[in-house]
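Numbered from 1 within each chain, the chains take letters A, B, ... in sequence-line order.
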There are 2 protein chains.
Amino acid sequence: MIIKQQLKKISIADIARELHVSKTTVSFILNGRAEEKRIGREVVERVQKFIEEVGYRPNPLAQSLRTGKSNIIALMVEDISNPFFASIARLIEDRAYKNGYKIIYCSTDNDPAKTRDLISMFRERHVDGYIIAPPEGIEDEISALMKAKMPVVLFDRHLNDVKTDLVEIDNMFSTYNATKHLTEQGFKKIAYVTFSSNQSQMLARLDGYNKALEESGYKPFVKEIAFNQNDDLIIGPITAFLKKNKNLDAVFFGTNHVGTCGLQVITDLGIQVPSDLAVVSFDDYNVFKMHSPPVTAISQPIEAIADNVITVLLNRLNTSSQHISSQSIVLKTDLHIRGSSLRAAQ
Amino acid sequence: MIIKQQLKKISIADIARELHVSKTTVSFILNGRAEEKRIGREVVERVQKFIEEVGYRPNPLAQSLRTGKSNIIALMVEDISNPFFASIARLIEDRAYKNGYKIIYCSTDNDPAKTRDLISMFRERHVDGYIIAPPEGIEDEISALMKAKMPVVLFDRHLNDVKTDLVEIDNMFSTYNATKHLTEQGFKKIAYVTFSSNQSQMLARLDGYNKALEESGYKPFVKEIAFNQNDDLIIGPITAFLKKNKNLDAVFFGTNHVGTCGLQVITDLGIQVPSDLAVVSFDDYNVFKMHSPPVTAISQPIEAIADNVITVLLNRLNTSSQHISSQSIVLKTDLHIRGSSLRAAQ
DNA sequence: ATGAAAGCGCTAACAG
DNA sequence: CTGTTAGCGCTTTCAT
């Protein structure tokens, strides 16, 4: 009964007063430093019992103000409504909560100015660490964070000239491999449709495509589209591109977003897959599996990415790994070959 | 130069000292109460100029500790990786940032215990408001929040016996209408596959289906699946259900997640849509649009939901609307009729 | 019109 | 082993 009545926030001072001990003692007990400070067994028990009874919880704001720590991790992705990032966010969230950390996330829209604002907001709030899929142009801010000894893990892409912890996939090999698959199937006029971007992962993907084509001696056809969240502004250019290049026999979409939009265009134009046009996309995704025919796709190891990201960050936070300068983790992808890219399937 | 050197966090006390005024004066100016407090023009300008120069930003933690406000809104959804919730989160996030609020979000998994924990964590952190798609069983916590005068907006579903601000869609009419569409197309054995749930929106959807079938005099076939994030645990039961009930001529999926899994089953079993089986799903979604044939779906007005949610909450936060007890907003859905449910299409 | 000072709740250095 | 005390940076009452 008393328990429930204790609605008024009770503070460490109240406990100290009530139990005739000092705030310090309570604070030490709370922080598990009772042994270390050789506080009497009896006192410890009395305090713990009381805390239990009244359901006391320390005020995290005061703690943060005092210690400069917040138990909050900032997660900055390109767009939280993108299924790739949403899934990663979900997994990271779970792991973080289990380790006593909260996640505060946001979408950067690949906009460096917005990202800068967000970072400075997070710094003010004393977040303890950062997980970022960085847009270009925020090298300085990241460096500043590192200089301030803030744990920063980048993922999905990296920034040149900034040495941070990093979790990535092998983009170049992934597209190289998928393009090879297309050439082995006998496709020769293979287009690559992607967002126009200098982000590391996008450049690597493009490189992989180019390299594979070069080896085969085929001509590359690259269509770059301005990055945009709005489907219509992606569908438009793809439609124009496919209409203009009827001679293509395969198309490779460089991201899941481009891929889904591209698939929509193909459906709308009544193009037959794979007889008119073979299709491959980066990122696996419901839509691709369930399309008829199912679409060959490069599947990123979402769980592994999330796991590695959070593990690296938690390690940093536990300060045990201060001496490690930085680590890069590169994960492999899987090429799921399906009907959309099989010459034989016809 | 001086500007950049000022890396050490500068505080209100520093400013006061530097400018030979008191902390109070600075604070008043900072909070736009200079006029009200009749502080000298000249002083105000000097202070503002200085603040500008050194790029001073008040420490929000200290502000929160002192005022009890945090400028943070908690957003609790069922699962942030569900595209419906991810899209809503994205829109809400944008609007919130524009109004000076940050969003801290999390997934409840429809688990009342987890949700309770999260709420108590948020309370400790003094978040200013809550946006929640509530699981059942947290009526007491919501009531407690309301009693504590915390702004709470529920959406997607409501809780009986708890009167809060609310943004919903007309679930019952939506399924009624879609079921009617099926009967009008001549389908008679129409199954309804859904998560097993007593959440208001799920009950309403089921009611709509039942009502429409009742009017037609057809027998309902309802398959309830345990709520789960794991696709395999959804696909299994649906597969079993469809295999066992070969006589069905149409199936209505009650959520986007069930719908996508169901579609996968249909594909895997080689069932022809709509000739073997017509398909309708709640929630519109890429997958449905791009399926062949495209799937008839009930589309929720995502933007309108997000807009209304945040508008209602911001109103509450601006305290101007203290007198309003609570408001419910019910939005309409659109039934997008596509090939998957057309008898004539064959 | 401005300033001194209390205090939000907590931690930790420093005494005893 | 335990208590006193000084802040963390800010807001706000009360005095001047």
Side-chain angles (χ1 to χ4, degrees), chain A residues 6 8-48 50-51 54-72 121 123-128, chain B residues 6 8-48 50-51 54-72 121 123-128:
Chain A
Q6 212 68 42
K8 313 281 103 194
K9 273 276 172 217
I10 165 170
S11 84
I12 222 174
D14 299 325
I15 300 177
R17 194 178 334 103
E18 196 76 17
L19 263 40
H20 305 292
V21 294
S22 90
K23 283 172 28 178
T24 316
T25 311
V26 179
S27 175
F28 282 145
I29 294 174
L30 244 29
N31 296 320
R33 303 175 59 187
E35 297 250 311
E36 171 194 338
K37 294 293 176 181
R38 276 172 285 190
I39 294 175
R41 260 187 87 76
E42 182 268 338
V43 182
V44 174
E45 275 166 16
R46 245 176 58 228
V47 171
Q48 283 177 338
F50 186 79
I51 285 171
V54 300
Y56 166 78
R57 302 281 300 272
N59 178 329
L61 245 35
Q63 284 182 141
S64 291
L65 180 59
R66 185 59 233 239
T67 62
K69 307 252 138 253
S70 60
N71 280 323
I72 290 180
M121 180 206 98
R123 292 195 70 162
E124 285 171 6
R125 302 218 166 243
H126 292 226
V127 307
D128 292 342
Chain B
Q6 212 69 43
K8 314 281 104 192
K9 272 275 172 216
I10 165 169
S11 84
I12 223 174
D14 300 325
I15 300 177
R17 192 176 340 100
E18 195 76 17
L19 263 42
H20 305 290
V21 295
S22 89
K23 284 171 29 177
T24 317
T25 309
V26 178
S27 174
F28 282 145
I29 294 173
L30 245 27
N31 296 319
R33 302 176 59 189
E35 296 251 313
E36 172 194 336
K37 294 293 176 181
R38 274 170 290 187
I39 294 174
R41 260 186 86 77
E42 183 268 339
V43 181
V44 173
E45 276 167 15
R46 244 174 60 227
V47 171
Q48 283 177 336
F50 187 80
I51 286 171
V54 299
Y56 166 78
R57 302 279 301 267
N59 179 329
L61 247 33
Q63 284 182 142
S64 291
L65 180 60
R66 185 60 232 246
T67 61
K69 307 251 139 251
S70 61
N71 280 323
I72 290 181
M121 180 207 98
R123 291 194 71 162
E124 285 172 5
R125 299 215 168 247
H126 291 226
V127 308
D128 293 342

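Rounded to an integer number of Å, the gap from A:Glu124 CD to D:dC10 C1' is 14 Å. Rounded to whole Å, atom C1' of C:dG3 lies 11 Å from atom NZ of B:Lys23. When the P atom of C:dA12 is taken as reference, atom CG of A:Leu30 falls 12 Å away, rounded to whole Å. Put simply, CD1 on A:Ile15 is 16 Å from C1' on D:dG3, counting in whole angstrom units. Rounded to whole angstrom, the span from the CG atom of A:Asp14 across to the P atom of C:dC10 amounts to 9 Å. Note: CG (A:Leu65) to P (C:dG7) measures 17 Å, nearest angstrom. When rounded to the nearest whole Å, the span between CG of B:Leu61 and P of D:dT11 equals 13 Å. Taking atom CD of residue A:Glu42 and atom P of nucleotide D:dC1, one finds them 13 Å apart after rounding to whole Å.
Between B:Tyr56 and D:dC10, a side-chain N or O to OP1/OP2 separation shorter than 4.0 Å is present. Checking the phosphate oxygens (OP1, OP2) of C:dT11, a side-chain nitrogen or oxygen of A:Gln63 falls inside 4.0 Å. Residue A:Thr24 places no side-chain N or O under 4.0 Å from the OP1 or OP2 atom of D:dT2. At the phosphate of C:dT2, neither OP1 nor OP2 sits under 4.0 Å from any side-chain N or O atom of B:Ser22. Using a 4.0 Å cut-off, some side-chain N or O of A:Ser27 falls inside it from OP1 or OP2 of C:dT11.
Contact annotation: side chain of A:Arg66 to base of C:dG9, donor-acceptor pair absent below 3.5 Å.
Residues B:Phe28 and B:Ser11 both approach DNA chain D. Their nearest nucleotides, taken by heavy-atom distance, put B:Ser11 toward the 5′ side.
Note that CD1 of B:Ile10 and CZ of B:Arg57 are 13.5 Å apart. Values are rounded to the nearest 0.5 Å. In this structure, B:Arg41 CZ and B:Glu35 CD are separated by 9.0 Å, a value rounded to the nearest 0.5 Å. From A:Leu61, atom CG reaches atom CZ of B:Arg125 across 7.5 Å, with rounding to the nearest 0.5 Å. Summarising the geometry, atom CG belonging to A:Leu19 is positioned 10.5 Å from atom OG1 belonging to A:Thr25; distances are rounded to the nearest 0.5 Å.
Non-hydrogen atoms lying under 4.0 Å from DNA chain D are contributed by A:Lys37, A:Arg38, A:Ile39, all within residues 31-39 of chain A.
Backbone-only engagement by A:His20 is indicated by non-hydrogen atom pairs under 4.0 Å involving sugar-phosphate atoms exclusively.
Judged by distance alone, the side chains of A:Thr24 and A:Ser27 never bring a donor and an acceptor atom under 3.5 Å apart.
In terms of the side chain to side chain contact (heavy atoms under 4.5 Å, CB included) criterion, residue partners of B:Thr67 (sequence neighbours excluded) are, by chain and number, B:Lys69.
The side chain to side chain contact (heavy atoms under 4.5 Å, CB included) test with B:Tyr56 is passed by exactly one of B:Val26, B:Val47, B:Leu30: B:Leu30.
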